[in-house]
Amino acid sequence: MTQKERLLNALAGKGVDRAPFICPGGMMTMIVTEVMDAVASFWPQAHADAAKMAELTLGANRLTGIENLGLPFCMTVEAEAMGAQVGLGSRESEPHVTAYIMESLADIDRLTAIDVTRGRAKVCVDAVRMLKEQAPEVPIIANLSGPVSLATSLVDPLLYYRALRRDQQAAHRLNRVSMENALAFGDALVAAGADVICIADPSATGDLIGRGAFEAFVLPYLNEMTDHYRQQYGKPSIVHICGDVKSLGTVLQQLTAEAVSIDSIVGIPQLKNLAPAKVSMGNISTYLLELGEPDQLARVSAQCLSQGVDILAPACGISPRTPMANILAVSEMASRCRAQA
């Protein structure tokens with residue numbers, strides 16, 4: 001199977017020769033410094049240059065065995081386009097918000113609508129278009145910020161979390177605007193050639209907001225996004241939720257995304273128990289990937305596969321300092337573990 005066929009079949013619950021090994025990008029970046037050196041394309045320049053961005057993610061695919069192309073490499077594109085100040089980071093650190101555009105949730109009129117024909121949004125769209133031509137057999141994953149994570153990049157998170165209890169109308173209003181801008185960005189990436197949507201919402205963990213707030217302020221917006229891409233474009237979605245999802249219980253089953261990606265503190269059997277109808281994705285520790293040895297990564301990968309994970313992936317991404325040998329150990333184990341007849 002081609003890498004694209006393998007991933008799309010896995011997301012559709014169809015037969016595959018083996019579980020794909022992917023790392024979407026966005027919060028779960030797939031880029032490490034050894035790849036930067038190998039292809040001579042570096043952060044932070046690649047965040048703002050379509051050709052460098054395409055070259056870097058294609059290099060990661062070719063050199064590490066990660067079976068996808070994924071961009072952007074961070075979760076700040078939408079927030080910057082909407083008015084937040086963003087620093088592009090360094091060779092070993094991702095872009096991050098340096099100043100919020102809103103001083104309170106009442107400042108929603110300060111936000112600007114994302115313009116996908118300008119700035120880093122355009123860079124990402126152009127890079128997808130390049131990759132579609134350069135590697136048609138590799139799935140392109142478009143990474144979007146979940147509504148809560150985008151909202152907390154526009155205003156102080158403490159103010160947002162307080163509004164979940166004290167000013168729910170304002171919280172919903174900001175969620176709605178955040179979601180609509182993320183959708184506009186995703187639409188442009190899909191139009192350029194993206195095959196899969198990955199929505200990461202690390203600020204919406206059950207640990208932070210609890211089950212009730214997740215059902216009220218997260219679930220409806222995530223489902224509206226994933227339903228949009230399925231119904232409008234026929235594109236499958238992955239949703240990543242950080243933290244210990246036990247507190248969410250069976251709410252995960254109510255997600256309409258095809259796949260659910262989880263933190264390393266959540267076991268694959270536990271995920272399958274909480275969301276039995278969902279394609280499972282994960283859950284190799286980011287820390288182990290960076291600090292462990294190749295033989296350790298091979299064992300952990302084999303364990304995930306033996307537990308029936310549908311898509312093998314880092315739990316919350318890859319540190320830029322991760323040795324390429326560790327990623328290759330995961331890739332090689334995935335390749336050896338053929339699907340059981």
Side-chain angles (χ1 to χ4, degrees), residues 23-61 63-64 66 68-102 112 114 116 118-128 131 141-146 148-157 178 181-182 185 189 198-203 240 242 285-287 289-291 314-324 326-327:
C23 191
M27 187 197 84
M28 299 177 282
T29 183
M30 62 187 293
I31 305 303
V32 297
T33 56
E34 285 185 61
V35 170
M36 296 184 203
D37 291 333
V39 302
S41 179
F42 303 94
W43 287 359
Q45 294 85 357
H47 297 301
D49 184 308
K52 291 181 183 297
M53 179 179 285
E55 187 175 29
L56 192 49
T57 188
L58 187 58
N61 167 259
L63 295 172
T64 68
I66 294 172
N68 69 275
L69 305 166
L71 49 84
F73 304 137
C74 67
M75 292 184 65
T76 62
V77 173
E78 300 102 317
E80 183 179 45
M82 295 173 71
Q85 292 183 29
V86 169
L88 291 184
S90 69
R91 169 185 164 92
E92 295 187 351
S93 64
E94 298 174 34
H96 58 282
V97 171
T98 57
Y100 304 115
I101 182 61
M102 302 169 66
T112 56
I114 190 168
V116 298
R118 298 179 57 198
R120 288 199 296 137
K122 181 181 186 299
V123 167
C124 294
V125 171
D126 290 345
V128 168
L131 290 166
I141 300 179
N143 294 281
L144 304 180
S145 299
V148 173
S149 296
L150 181 50
T152 54
S153 295
L154 301 170
V155 71
D156 187 322
S178 297
N181 279 271
F185 184 38
L189 295 172
C198 182
I199 306 167
D201 214 347
S203 297
H240 177 82
C242 283
S285 165
T286 298
Y287 299 105
L289 271 163
E290 179 184 355
L291 303 173
C316 294
I318 296 176
S319 163
R321 294 178 295 275
T322 299
M324 205 154 62
N326 286 357
I327 307 172

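All heavy atoms count here, side chains included; hydrogens, waters and symmetry mates do not.
Looking at V86 and R120, their side chains come closer than 4.5 Å, going by heavy atoms from C-beta outward. Proximity of I318 to T286: side-chain heavy atoms (C-beta onward) are nowhere separated by under 4.5 Å. A 4.5 Å side-chain heavy-atom check between M82 and S153 finds every atom pair outside the cut-off. Within the 4.5 Å cutoff, the side chain of F185 has heavy atoms near those of the P72 side chain. Here the side chains of K122 and V116 are not in contact, with every heavy-atom distance at 4.5 Å or above. The shortest distance between side-chain heavy atoms of V39 and L58 does not fall below 4.5 Å. Taking 4.5 Å as the limit, some side-chain heavy atom of W43 sits within range of a side-chain heavy atom of L56. Looking at heavy atoms from C-beta onward, M53 lies in side-chain contact with C124 at the 4.5 angstrom threshold.
Closest approach of I199 to G146, counting heavy atoms only: CG2-CA, 3.6 Å. Residues A50 and D126 come closest through the heavy atom pair CB-CB, 3.7 Å. Closest approach of A79 to V97, counting heavy atoms only: CB-CG2, 4.4 Å. The heavy-atom pair separating H240 from A315 by the smallest distance is CE1-O, 2.6 Å.
Scanning for salt bridge (charged side-chain N to carboxylate O under 4.0 Å, His left out) contacts around E34 gives an empty result, with sequence neighbours left out.
Between the S41 side chain and the K52 main chain, a donor and an acceptor come within less than 3.5 Å of each other. In terms of modelled atom types and a separation under 3.5 Å, the side chain of T64 and the main chain of N61 share no donor-acceptor contact. The main-chain N or O of C74 is never found under 3.5 Å from a side-chain atom of N143 such that the two would form a donor-acceptor pair.
Going from atom CG of L69 over to atom CG of L71 covers 8.0 Å, rounded to the nearest 0.5 Å. Here the OG atom belonging to S178 is positioned 9.5 Å from the CG atom belonging to D201, to the nearest 0.5 angstrom. E290 contributes atom CD, which lies 9.5 Å from atom CG of N326 (distance to the nearest 0.5 angstrom). Within the model, atoms CE of M324 and OG1 of T33 stand 9.5 Å from one another, a figure rounded to the nearest 0.5 Å. Distance check, rounded to the nearest 0.5 Å: CD of E80 to CG of L88 gives 6.5 Å. The distance from the CE atom of M27 to the OG atom of S149 is 8.5 Å, given to the nearest 0.5 Å.
Counting only N and O atoms by type, the side chains of E78 and S145 include a donor and acceptor under 3.5 Å apart.
A salt bridge links D37 with R91: the closest approach of a Lys/Arg side-chain nitrogen to an acidic carboxylate oxygen falls below 4.0 angstrom.
Note on ring orientation: taking the six-membered ring where Trp is involved, the planes of H47 and F73 are perpendicular (angle over 60°, cut-offs 30° and 60°).
Checked options L289, V35, L291; the residue passing with T322 is L289 (criterion: side chain to side chain contact (heavy atoms under 4.5 Å, CB included)). Screening V123, L189, I141 against V128 for a side chain to side chain contact (heavy atoms under 4.5 Å, CB included) leaves a single residue, L189.
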